[in-house]
There are 2 protein chains.
Amino acid sequence: MEKYFAILSRCSLFAGVGREEMGLMLNCLGARERDIPKGEPVFLEGDPAGFIGVVLEGAVQVVRDDYYGTRSVLTVVQPGEIFGEAFSCAGVETMPVSAFALKGGKVLWLDCKRMLTVCSNACQFHNRMVANLLRAVARKNLALSRKIQFMSQRTTKEKIMAYLLDQAKAQGSSEFTIPHDRQALADFLGVERSAMSAEIGKLKRAGILDCKGPWFHLRDTVEEID
Amino acid sequence: MEKYFAILSRCSLFAGVGREEMGLMLNCLGARERDIPKGEPVFLEGDPAGFIGVVLEGAVQVVRDDYYGTRSVLTVVQPGEIFGEAFSCAGVETMPVSAFALKGGKVLWLDCKRMLTVCSNACQFHNRMVANLLRAVARKNLALSRKIQFMSQRTTKEKIMAYLLDQAKAQGSSEFTIPHDRQALADFLGVERSAMSAEIGKLKRAGILDCKGPWFHLRDTVEEID
DNA sequence: GAAAGTATGTTGGAAATCCAACAAAGGAGG
DNA sequence: CCTCCTTTGTTGGATTTCCAACATACTTTC
């Protein structure tokens, strides 16, 4: 566990927690590590809720598949970020979504009930952690609002551009990489992969952007798009 | 303030708070009441964040308008429910959305910073309130996830049905009323009002549902839709 | 380095959406 | 009761998306 202190100290949940307290708190929260091979489920729809997951290595994709098999990508969770916390904090019995490892990696499982119940060991940190958790859940809320903003756009092109402009702003540069492959980006924006691919092609030919794989560059020329 | 105790005691924020503590807490949170006439803004995009609003009477619609004037309805807040909490708890400076009063009504403003800072008067309730707040933010998270689930459907008809099935489940009956008019429902689902209207017409003729204004009835016949 | 498998780009026709404009149905106010 | 105004339903053409199928990289594996 000690080797992941660098990751965990960047985790919003442990903001302001020192190395020595970290160990106590992880113990208090019933932390256990688990390896997930690439492509394998981290948890599945219907699994009992009540946990908070922390990505230590790799990346985790949270998805919801409907009756027809249409997949909706809710979010991609990177090392140091958490998942499952909203469902657990809301008090639902079972998870309404599934999650899969994009790359092989490690996740840390924390018991949400222990987090919300006052403990005897590290109470001075407990309140801080609940405040951290509150902030983390609120931020995830903002992320969902942004996703809704993208999906609210009328055309595929507008959805793509809204997402890319947001990414450029978030990463502070007109050059950036995204955490989705093309299929996942389409599932994230709620559009067809092939149609999206065609629109990206148009945007490239129009000189609006350049891209190669996960790398994008938004040009600052503002011209008419075909 | 006293006259709204019935409403406030049903507010998730004050779960488990008695009548006498309520007054202390409201004072502690810097609560102030405000009347909003029908159609007027409750707050506007760009206004400073840091507050939590509680609807006492009427209803508040939270929206986001993009460059082109396309409106996206994020949520409708009913009496006893709260709004603005996610943005304030996430620590953003200014509100990224606007809100308008659907009917004339009253809202209560609470200072979010005071809620997150330990006070001297009612500390035993303070921790409970932070826990309540966490649960409320997490639940709003679920509501956003459900909205995304509706919007992820490919066709307008599927979006409508997904929403109506969810409402029927939430209200525990195949007959129910929705808090949106047709334009707002379209803005909520991210579709065109006229196209939605046409699809609802088809569903009625197909015997899938019946509706009149905000009232809907989902029939349990499962037949092919034209 | 060849082969198999995966990811991405491209295309064409069918289907659905968008948009604008109008018709019809209600409600509010005089 | 009438008029004005808002909301809801309807229609048709232009646009866009969806879907399936295929072509072309790029990766991985042996």
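Naming convention: chains lettered A, B, ... in sequence-line order (proteins, then strands); numbering from 1 in each chain.
- Side chain of A/Thr94 to main chain of A/Asp47: no donor-acceptor pair is present (N/O by atom type, distance under 3.5 Å, no hydrogens or angles).
- Within the 4.5 Å cutoff, the side chain of B/Leu134 has heavy atoms near those of the A/Val137 side chain.
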Checklist entry - So B/Arg219 and B/Leu209, side-chain contact (heavy atoms from CB on, under 4.5 Å) or not? Walk me through it. => result CA-CA 5 Å; B/Arg219 304 182 176 283; B/Leu209 58 81; 5.7 Å; no
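- Not counting sequence neighbours, A/Lys147 has no partner by the salt bridge (charged side-chain N to carboxylate O under 4.0 Å, His left out) test.
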Checklist entry - Between A/Leu74 and A/Val63, does a side-chain contact (heavy atoms from CB on, under 4.5 Å) hold up when you go through it step by step? => result CA-CA 5 Å; A/Leu74 290 168; A/Val63 305; over 6 Å; no
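- A/Asp65 meets the salt bridge (charged side-chain N to carboxylate O under 4.0 Å, His left out) test with A/Arg71; sequence neighbours excluded.
- The salt bridge (charged side-chain N to carboxylate O under 4.0 Å, His left out) check on B/Arg64 picks up nothing, with sequence neighbours excluded.
- Between the CD atom of A/Gln153 and the CG atom of B/Asp66 there is a distance of 5.0 Å, given to the nearest 0.5 Å.
- A salt bridge is absent between A/Glu199 and A/Lys159: the closest approach of a Lys/Arg side-chain nitrogen to an acidic carboxylate oxygen does not fall below 4.0 angstrom.
- Contacts between residues 178-186 of chain B and DNA chain C, defined by a heavy-atom separation under 4.0 Å, are absent.
- Bending across the helix from C/dG1-D/dC30 to C/dG30-D/dC1, expressed as the angle between its end axes from five pairs apiece, amounts to 50° (10° rounding).
- Ring geometry for B/Tyr163 against B/Phe150 counts as perpendicular: the plane angle is over 60°, on a 0 to 90° scale with 30° as the lower cut.
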Checklist entry - Can you give one letter per nucleotide of nucleotides 13-30 of chain D, 5' to 3': B if a protein heavy atom sits under 4.0 Å from the base, S if only from the sugar-phosphate, - if neither? => result ----SSBB----------
